[in-house]
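In what follows, a single structure is set out as structure tokens and then discussed.
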Protein chains: 2
Amino acid sequence: MVTKVEGLFGEGRDGRGIGDPYDPECPTRLILDRIGDRWTVLLVGALGGGKARFSELKRRVGGISQKMLTQTLRQMERDGLVTRTVYPEVPVRVEYELTGAGLSLRGPLKALEEWSIEHLSGVLADQKVYDGREAATR
Amino acid sequence: MVTKVEGLFGEGRDGRGIGDPYDPECPTRLILDRIGDRWTVLLVGALGGGKARFSELKRRVGGISQKMLTQTLRQMERDGLVTRTVYPEVPVRVEYELTGAGLSLRGPLKALEEWSIEHLSGVLADQKVYDGREAATR
DNA sequence: CTGTATCCTGAAGGATACTG
DNA sequence: CAGTATCCTTCAGGATACAG
């Protein structure tokens, strides 16, 4: 039995232990499992505009393999982030669309993206400094 | 040469391609690289309360190995998210502390955590439904 | 106490070929 | 078109032993 995580990022930290990331009931793990891989994040972005079909998503998300596209979409469907609609035409047409939950994820992800844009140059600069010091030490 | 990503999660999606996640200059990749692994996220949480030393972090973050703790902290230091201070006592004491950039990451992460807490039960329920349908199909 | 250095394994994920 | 099935490689990351 593991202690539940109520707020890793609340203000009042009191040094209490942090929830086990391997506990399936841990919300932190929940996000990490969905957001952890780049593909889910990119797909939420790619689906932000509305429905899209398989091939279109493949085109939109650069570098994704067919395997990962299918796999990630299935996962998102399972999690209730996306709906999958099959139109039995010839050839088959399949459309994906964000659910309410999927759409609601865009806000937090956007916040993260904004942080990223804001700190991109800073982080890159810090890396250079750090790497420089390391090289000098060696 | 790949198109830069300005806003994967902005409102007006126009179906334009999405930035290559392998481009080091892509902000989306920046977040994903830091946030992608559970440890960085958990450490930002663990360090939210202020300075903490190595062994304390190890205790706080359940399940992290010594190797990953060191490795993740080094990465965070390199990215300018954390400072590392060595006190040459016997035995050595090392304290880690979030920088401004590190602290500023807590907001977005908190938003994500809130999403997670809010949607935990829903996602879990959807998974059950999905798995049930799959089992029936098979 | 705070690491570094190796070894080793599982799992992620790309490439490719085939199907309804 | 939208997948599924396989093979194969890479590599993250745990376990362990040793060091300043």
Side-chain angles (χ1 to χ4, degrees), chain A residues 20-24 29 32-43 46-47 51-78 82-97 130 133-135 137-138, chain B residues 20-23 29 32-43 46-47 51-79 82-97 130 133-135 137-138:
Chain A
D20 184 352
Y22 297 111
D23 177 3
R29 174 178 160 160
L32 262 26
D33 281 352
R34 327 289 133 198
I35 279 28
D37 68 306
R38 38 177 33 60
W39 301 132
T40 301
V41 176
L42 292 177
L43 280 174
L47 281 164
K51 303 175 201 281
R53 42 195 303 188
F54 190 84
S55 48
E56 192 175 350
L57 290 173
K58 180 138 172 44
R59 237 177 308 111
R60 278 194 201 164
V61 180
I64 192 169
S65 68
Q66 198 174 45
K67 178 183 176 178
M68 287 318 291
L69 180 53
T70 303
Q71 187 173 308
T72 308
L73 285 170
R74 286 288 183 285
Q75 232 186 100
M76 293 173 73
E77 193 195 354
R78 185 172 110 100
V82 118
T83 58
R84 175 174 179 270
T85 315
V86 183
Y87 298 87
E89 311 168 346
V90 211
V92 174
R93 179 169 49 110
V94 179
E95 286 190 340
Y96 293 90
E97 186 174 18
Y130 184 94
R133 266 203 306 264
E134 288 312 284
T137 302
R138 205 181 321 147
Chain B
D20 184 352
Y22 299 112
D23 177 3
R29 173 177 161 159
L32 262 26
D33 282 352
R34 325 292 132 200
I35 278 30
D37 69 306
R38 38 180 30 64
W39 300 133
T40 301
V41 176
L42 292 177
L43 280 174
L47 282 163
K51 304 175 200 278
R53 44 195 302 189
F54 189 83
S55 49
E56 191 175 352
L57 290 173
K58 182 139 171 43
R59 237 176 309 111
R60 279 195 200 166
V61 179
I64 193 169
S65 67
Q66 197 174 47
K67 178 182 176 178
M68 288 318 292
L69 180 53
T70 303
Q71 188 172 308
T72 308
L73 285 170
R74 285 290 182 285
Q75 233 185 98
M76 293 173 74
E77 192 194 355
R78 185 173 109 101
D79 292 343
V82 118
T83 58
R84 175 174 180 269
T85 316
V86 183
Y87 298 87
E89 313 168 344
V90 211
V92 174
R93 177 170 51 113
V94 180
E95 284 190 340
Y96 293 90
E97 186 174 20
Y130 184 94
R133 266 203 307 265
E134 288 312 285
T137 301
R138 203 179 322 147

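Values below: every heavy atom of this structure, side chains too, minus hydrogens, waters and symmetry copies. Below, chains carry the letters A, B, ... as their sequence lines are ordered, and counting in each starts from 1.
Annotation: the span from B:Arg38 atom CZ to A:Asp33 atom CG amounts to 5.5 Å, rounded to 0.5 Å. With values rounded to the nearest 0.5 angstrom, B:Lys51 atom NZ is found 6.0 Å from B:Thr85 atom OG1.
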Can you list, pair by pair, the side-chain donor-acceptor contacts under 3.5 Å of residues 67-78 of chain B, counting residues two or more places apart and other chains?
from, atom 1, to, atom 2, distance (Å)
B:Thr70, OG1, B:Gln66, O, 3.0
B:Thr72, OG1, B:Met68, O, 2.6
B:Arg78, NH1, A:Asp131, OD1, 2.9
B:Arg78, NH1, A:Asp131, OD2, 2.4

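In the set C:dG14, D:dA2, D:dG14, C:dG14 carries the atom at the smallest distance from any side-chain atom of A:Ser65. The side chain of B:Arg53 lies closest to C:dC1, out of C:dG14, C:dC1, D:dT4. Listed nucleotides: C:dG20, C:dA17, C:dT2. Nearest to the side chain of A:Gln66: C:dA17. Taking the side chain of A:Lys67 as heavy atoms from C-beta on, and the options D:dA15, C:dG13, D:dG3, the nearest nucleotide is C:dG13. Across D:dG14, D:dT4, C:dG13, the shortest atom-to-atom separation from the side chain of B:Trp39 is found for D:dG14.
From one end of the helix from C:dC1-D:dG20 to C:dG20-D:dC1 to the other, with five pairs defining each end axis, the axis direction shifts by 50° (rounded to 10°).
In this model, the phosphate group of D:dA2 is not approached by any side-chain N or O of A:Arg84 to a distance below 4.0 Å at OP1 or OP2. Considering only side-chain N and O atoms, B:Ser55 lies under 4.0 angstrom from the phosphate OP1 or OP2 of C:dT2. For the OP1/OP2 pair of D:dC1 and a distance below 4.0 Å, the side-chain nitrogens and oxygens of A:Tyr96 include no atom meeting the criterion.
The residue A:Tyr87 sits apart from the nucleic acid: no heavy atom pair falls under 4.0 Å. B:Gln71 comes within 4.0 angstrom of nothing in the nucleic acid, heavy atoms only. Contacts of B:Glu89 with the nucleic acid, taken as non-hydrogen atoms under 4.0 Å apart, are absent.
The closest donor-acceptor contact from the side chain of A:Arg60 to the backbone of A:Ala46 lies under 3.5 Å.
With respect to the salt-bridge test (charged N to carboxylate O, under 4.0 angstrom), the residues B:Lys58 and B:Glu56 do not qualify.
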| request: Determine, stepwise, if the pair B:Val82 / B:Leu47 fulfils side chain to side chain contact (heavy atoms under 4.5 Å, CB included). | output: CA-CA 9 Å; B:Val82 118; B:Leu47 282 163; 3.5 Å; yes
| field | Test log, rule side chain to side chain contact (heavy atoms under 4.5 Å, CB included), inputs A:Tyr96 and A:Leu57 | value | CA-CA 9 Å; A:Tyr96 293 90; A:Leu57 290 173; 4.1 Å; yes
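Place A:Asp37 and A:Val92 on DNA chain C by their nearest nucleotides, and A:Asp37 ends up nearer the 5' end.
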